[in-house]
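Letters A, B, ... mirror the listed sequences (proteins, then strands); counts begin at 1.
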There are 2 protein chains.
Amino acid sequence: MAQSDTVDRILDAAEELFAERGFSETSLRMITSKAKVNLAAVNYHFGSKNALIHAVFARFLTPFSATLEKAFDELEESCGDQPPTLNQTLWALTESAVRMPQRNEKGISIFMRLLGLAYTQSQGHLRKFLEQEYGDPFSRFMRLLKAATPQLSAVDRYWRIQFMLGATAFTMSSSDALRDILQNKTGVETSVQEIALRLVPFLAAGMQAEDAMLVPPKGSKVSVA
Amino acid sequence: MAQSDTVDRILDAAEELFAERGFSETSLRMITSKAKVNLAAVNYHFGSKNALIHAVFARFLTPFSATLEKAFDELEESCGDQPPTLNQTLWALTESAVRMPQRNEKGISIFMRLLGLAYTQSQGHLRKFLEQEYGDPFSRFMRLLKAATPQLSAVDRYWRIQFMLGATAFTMSSSDALRDILQNKTGVETSVQEIALRLVPFLAAGMQAEDAMLVPPKGSKVSVA
DNA sequence: ATTGGCTTCAAACGTATGTTTAAAACAGAC
DNA sequence: GTCTGTTTTAAACATACGTTTGAAGCCAAT
């Protein structure tokens with residue numbers, strides 16, 4: 001049996017279980033029994049449960065951030081000296097995610113859910129790990145967003161970016177459950193690609209909403225003050 | 001010491017800790033030591049940890065859903081026989097949330113975060129509990145949204161509602177942290193009301209985005225299939 | 001055939017969890 | 001003051017967790 005077989009089987013099982021149940025709710029015994037390896041294998045190959053979590057993220061995120069940097073390079077080059085538009089920037093990100101080589105058909109949705117969990121579950125170690133390892137492409141994305149929405153005040157832009165992050169992280173983090181609900185209700189199947197296809201226009205429209213709408217309807221008790 | 005004092009102290013401590021760390025990550029011992037009550041008090045007064053989680057939600061959600069129903073009643077009455085607009089519906093919800101009597105200044109944001117966690121962490125029992133107890137006002141909100149966006153297909157509407165939920169839950173849940181960051185950066189103070197004031201236009205614009213935007217830019221590799 | 005370095009394995013370790021117990025403390029009614 | 005039902009308490013329970021251990025297994029190089 002090849003050396004890496006055990007490592008990969010652990011990563012596969014962990015990825016799936018983490019996505020299904022979250023990090024704290026998934027025990028090493030669940031992972032190793034799903035992967036059909038010995039319990040001690042995790043600590044032998046990875047060192048600790050936290051290190052396994054990092055490895056699961058790194059396996060996807062390292063090639064992804066490389067793809068993303070390339071996509072941003074191409075985008076900026078093709079735009080000459082004027083900055084890419086909001087739509088272009090959002091699509092560059094989306095396409096980089098969708099086009100990543102998948103281990104299986106559920107690849108992206110599993111990983112999107114993991115990213116959502118990373119944001120949502122307050123796993124301090126994970127946050128630190130992600131910031132340290134993948135902070136650069138994230139900052140670059142932020143810079144592109146700023147250049148693409150010069151009409152927004154810094155404060156407006158700040159909050160709207162949070163709204164975008166929220167819609168994305170939240171939807172993706174529960175996308176499996178949501179898809180199931182939708183399928184039970186309407187019989188419609190939905191791929192992650194299609195969700196992204198619906199999400200991007202929503203985000204772009206929200207990002208570019210008129211400031212004039214920033215007024216509650218007549219008779220509202222929320223003051224604009 | 002009044003009988004209910006212990007119960008309330010447990011609820012206060014649990015609410016705060018759950019919001020900070022999630023449900024599985026918060027132990028009964030953390031809760032009881034923060035509440036300065038005996039460990040067994042939780043099982044004595046609530047029966048189990050899961051029942052405590054339900055009680056935390058019920059304490060906020062029961063009065064809130066009553067307020068919300070009233071707000072929807074008034075809104076529908078004032079609209080005569082035509083359905084309320086999207087903006088009106090969103091504002092009715094927002095104002096009901098903002099105007100709820102708060103236990104403390106962090107009241108809303110804590111509870112928004114809990115709602116987000118309920119959706120995100122796969123706590124089957126919680127989901128079942130919330131659906132059973134508070135499914136009615138939720139369905140009503142959904143019906144209003146449907147009437148306010150007749151131009152959307154059922155599937156589009158379904159996903160856009162998820163996006164709205166996500167942006168809201170995510171932003172409100174971390175609004176404390178986000179507000180601090182923003183204040184450090186720009187010196188601007190932001191109240192929950194003001195966040196809502198920015199959020200609603202974002203949501204409304206996203207909700208009413210043109211379907212035509214549902215096409216990736218020229219040269220995109222994401223197929224519309 | 002024997003060695004040496006990885007890898008696997010069953011078992012155990014220490015710790016933390018939710019829950020239960022039975023006695024003690026308390027409060028209000030008579 | 002005594003009794004009665006409720007609440008609090010310290011201690012223990014059983015179980016599950018992440019991690020460690022030391023022996024056994026394996027495979028390539030000698």
Trainee: Give the rounded distance in Å between these two atoms: CD1 of I31(A) and P of dG18(D).
Mentor: 8 Å
Trainee: Does the side chain of T6(A) get closer than 4.0 angstrom to OP1 or OP2 of dT8(C) through an N or O atom?
Mentor: yes
Trainee: Taking only the side-chain nitrogens and oxygens of S27(B), find out if one of them lies under 4.0 Å from OP1 or OP2 of dA16(C).
Mentor: no
Trainee: Under 3.5 Å, is there a donor-acceptor pair linking the side chains of T6(A) and Y44(A)?
Mentor: no
Trainee: Can you tell me how far C1' of dA16(C) sits from CZ of R29(A), to the nearest Å?
Mentor: 13 Å
Trainee: Rounding to a whole Å, what distance do you find between H45(B):NE2 and dT19(C):C1'?
Mentor: 16 Å
Trainee: Heavy atoms under 4.0 Å, any strand shown: does T26(A) hit a base, just sugar-phosphate, or nothing?
Mentor: sugar-phosphate
Trainee: Write down the distance between CG (N38(B)) and C1' (dA24(C)), rounded to a whole number of angstrom.
Mentor: 12 Å
Trainee: Grab the CZ-P distance between F46(A) and dG18(D) for me, whole Å please.
Mentor: 15 Å
Trainee: Would you mind classifying the nucleic acid contact of A41(A) as base, sugar-phosphate or nothing, using non-hydrogen atoms under 4.0 angstrom?
Mentor: nothing
Trainee: With no hydrogens and no angle check, is any side-chain donor or acceptor of T171(B) less than 3.5 Å from a backbone partner on T168(B)?
Mentor: no
Trainee: Would you kindly give the CD-to-P distance between E25(B) and dA16(C), to the nearest whole Å?
Mentor: 16 Å
Trainee: Shortest non-hydrogen contact from L68(A) to S96(A)?
Mentor: CD1-OG, 3.7 Å
Trainee: Run the salt-bridge test on E16(B) and R21(B) with the 4.0 Å N-O cut-off and return the result as yes or no.
Mentor: no
Trainee: Tell me: CG of L28(B) to P of dT17(C), nearest whole Å?
Mentor: 9 Å
Trainee: For A40(B) and Y44(A), take the nucleotide of DNA chain C holding the closest heavy atom to each; which residue's nucleotide lies nearer the 5' end?
Mentor: Y44(A)
Trainee: How many Å lie between CG on N43(A) and P on dT8(C), as a whole number?
Mentor: 14 Å
